[in-house]
Amino acid sequence: MPELPEVEVTRLSFASQIAGSTVLSAYLGKPLRWPLQCDVDDLKGLTVLGVRRRGKYLLLDLADGTNPAGLLLMHLGMSGSLHFKAWSKNAMRTALGKHDHFELVTHKGILKLNDPRRFGAVVFAPSEQSAIAQKLLGNLGVEPLSDSFDAKQFHAELKRKQTSIKQVLLAGELVVGVGNIYASEALFLAGIRPTTSASKISYPRVVKLHAAIQDVLARAIVKGGSTLQNFSSAKGENGYFQLEANVYDRAGLPCLVCKTPIKRIVQGQRSSFYCPTCQKP
DNA sequence: CACGGATCCTGATGGC
DNA sequence: TGCCATCAGGATCCGT
């Protein structure tokens, strides 16, 4: 499910509410992608300082009193979502739901990770420099909405890639956060076919792609992300960007620009959608 | 090293 | 209604 916009929308929807809270207890459901890497009870008493995002990961910074105490890395996989419920009068903790696999009870409210397919993860790392954190975050590309995402550098890096532009975007090794929806959408906006060899895209076209990636991700965040089946923010709000998709999940339907039927192909076992007229090899 | 494919898991959907 | 096949927002691991 969640690509960068959905993860950022999730972060924005609960970060200020959980910041400064103390962990009262924590619970695990079925196994996620990786083990937590600490005893779940070791989280008790720690303070959640705030919530950052790196790529599609959320990072909850933890402290023990005034001392840094590591961080929780959370990933939503394909089908995950977080939900935060502030305490209300007479509220009680309830049992974990069928697909709730992690729960953090704090004195400000309860954070739950719901993830039917369990491709997501919650991992404790003692610091951002620790081996486990570096394994998960160390090879991530640049943040697309930051100044470090530079068109000239992007072009130079694409020159070295021997595969299609769609697969390079999905790999997240050059630039993070662009998943299957937004890769197809950004390539449409840039007029580039997903099958085009990354190394053969001219600099002016890379400049267009660079702008398209930033544009589509930023607009998706404003729209609350894309809700296909089960994504919602930590407040339970759905996203609406899928209604603005030009090509994603529109196989056979007319291109909104030129009326040519949208094509669906498979690359790396993932669907790609494109307009054969608007997007050039 | 870089690439392509298989793989983890559950649920929704469509054809027969 | 049931059964089966296919597909789904990700990304790691393994073989070549």
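Each chain gets a letter, A, B and so on, in the order the sequences are listed, and its residues count up from 1. Heavy-atom basis, side chains included; hydrogens, waters and symmetry copies ignored.
Side-chain N/O atoms of H99(A) include one lying less than 4.0 angstrom from OP1 or OP2 on dG11(B). Residue H75(A) has no polar side-chain atom (N or O) positioned under 4.0 Å from OP1 or OP2 of dG10(C). Residue R118(A) has no polar side-chain atom (N or O) positioned under 4.0 Å from OP1 or OP2 of dC8(B). Remark: K135(A) is not in phosphate contact with dT12(C), judged by side-chain N or O atoms under 4.0 Å from OP1 or OP2. Note on S79(A): every side-chain N or O is 4.0 Å or more away from OP1 and OP2 of dA8(C).
With contacts defined as side-chain heavy-atom distances shorter than 4.5 Å, the pair I213(A)/L145(A) does not qualify.
Here R219(A) does not pair with E185(A) in a salt bridge; the nearest charged N to carboxylate O distance is not below 4.0 Å.
For T163(A), whose side chain is taken as the heavy atoms from C-beta onward, the closest listed nucleotide among dA8(C), dA6(B), dG4(B) is dG4(B). When distances run from any side-chain atom of K161(A) to the nucleotides dG4(B), dA8(C), dC3(B), the shortest one goes to dC3(B). Listed candidates were dA8(C), dT12(C), dG10(C). Nearest to the side chain of K56(A) is dG10(C).
Shortest non-hydrogen contact noted between V122(A) and M74(A) is CG2-CE, 3.8 Å.
If you take atom P in dC9(B) and the same atom in dC14(C), they sit 15 Å apart, rounded to whole Å.
Nucleotide dG10(C) holds its C1' atom 14 Å from the CG atom of L113(A), rounded to whole Å. Put simply, CG on D249(A) is 8 Å from P on dA8(C), counting in whole angstrom units. The interatomic distance linking Q267(A) (CD) with dG4(B) (P) rounds to 10 Å, in whole Å. Atom pair Y182(A):OH and dA8(C):P shows a separation of 16 Å (rounding to whole Å applied). Atom CD of Q162(A) and atom P of dG4(B) are 10 Å apart (whole Å). In this structure, NZ of K159(A) is placed 18 Å from C1' of dA2(B), rounded to the nearest angstrom.
Defined by atom type and a distance below 3.5 Å, a donor-acceptor pair is present between the side-chain atoms of Q267(A) and S164(A). Between the side chains of D115(A) and S79(A), a donor-acceptor pair is found at a separation under 3.5 Å. Judged by distance alone, the side chains of K159(A) and S199(A) never bring a donor and an acceptor atom under 3.5 Å apart. Side-chain N/O atoms of N114(A) and K98(A) include no donor and acceptor closer than 3.5 Å.
Under the 6.0 Å distance and 45° angle rule, K235(A) does not count as a cation-pi partner of F14(A). Cation-pi contact between R93(A) and Y27(A): present, with separation from the ring centre below 6.0 Å and deviation from the ring axis of at most 45°.
Within 4.0 Å (heavy atoms only), F241(A) reaches no atom of the nucleic acid at all. Residue T227(A) is classed as a base contact, given a heavy-atom separation below 4.0 Å to a base. Counting any heavy atom pair closer than 4.0 Å across all strands shown, G268(A) reaches no nucleic acid atom.
Checked by distance alone, R117(A) brings a side-chain donor or acceptor within 3.5 Å of a matching partner on the base of dC9(B).
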Nucleotide-level pairing of DNA chain C, given in dot-bracket where Watson-Crick and G-U pairs need both distances under 3.5 Å and | marks other strands: .|||||||.|||||||
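A distance cut-off of 5.5 Å between ring centres, combined with a plane angle under 30°, leaves F119(A) outside any stacking arrangement with the base of dA11(C).
Listed by residue number, R33(A), W34(A) are the residues of residues 28-35 of chain A with a heavy-atom contact under 4.0 Å to DNA chain C.
Between F149(A) and F154(A), the gap from one ring centroid to the other is short of 6.0 Å. With ring centers used as reference points, F241(A) lies under 6.0 Å from Y182(A).
Residue L228(A) is the one, among Y57(A) and L228(A), whose nearest nucleotide of DNA chain C lies closer to the 5' end (criterion: closest heavy atom).
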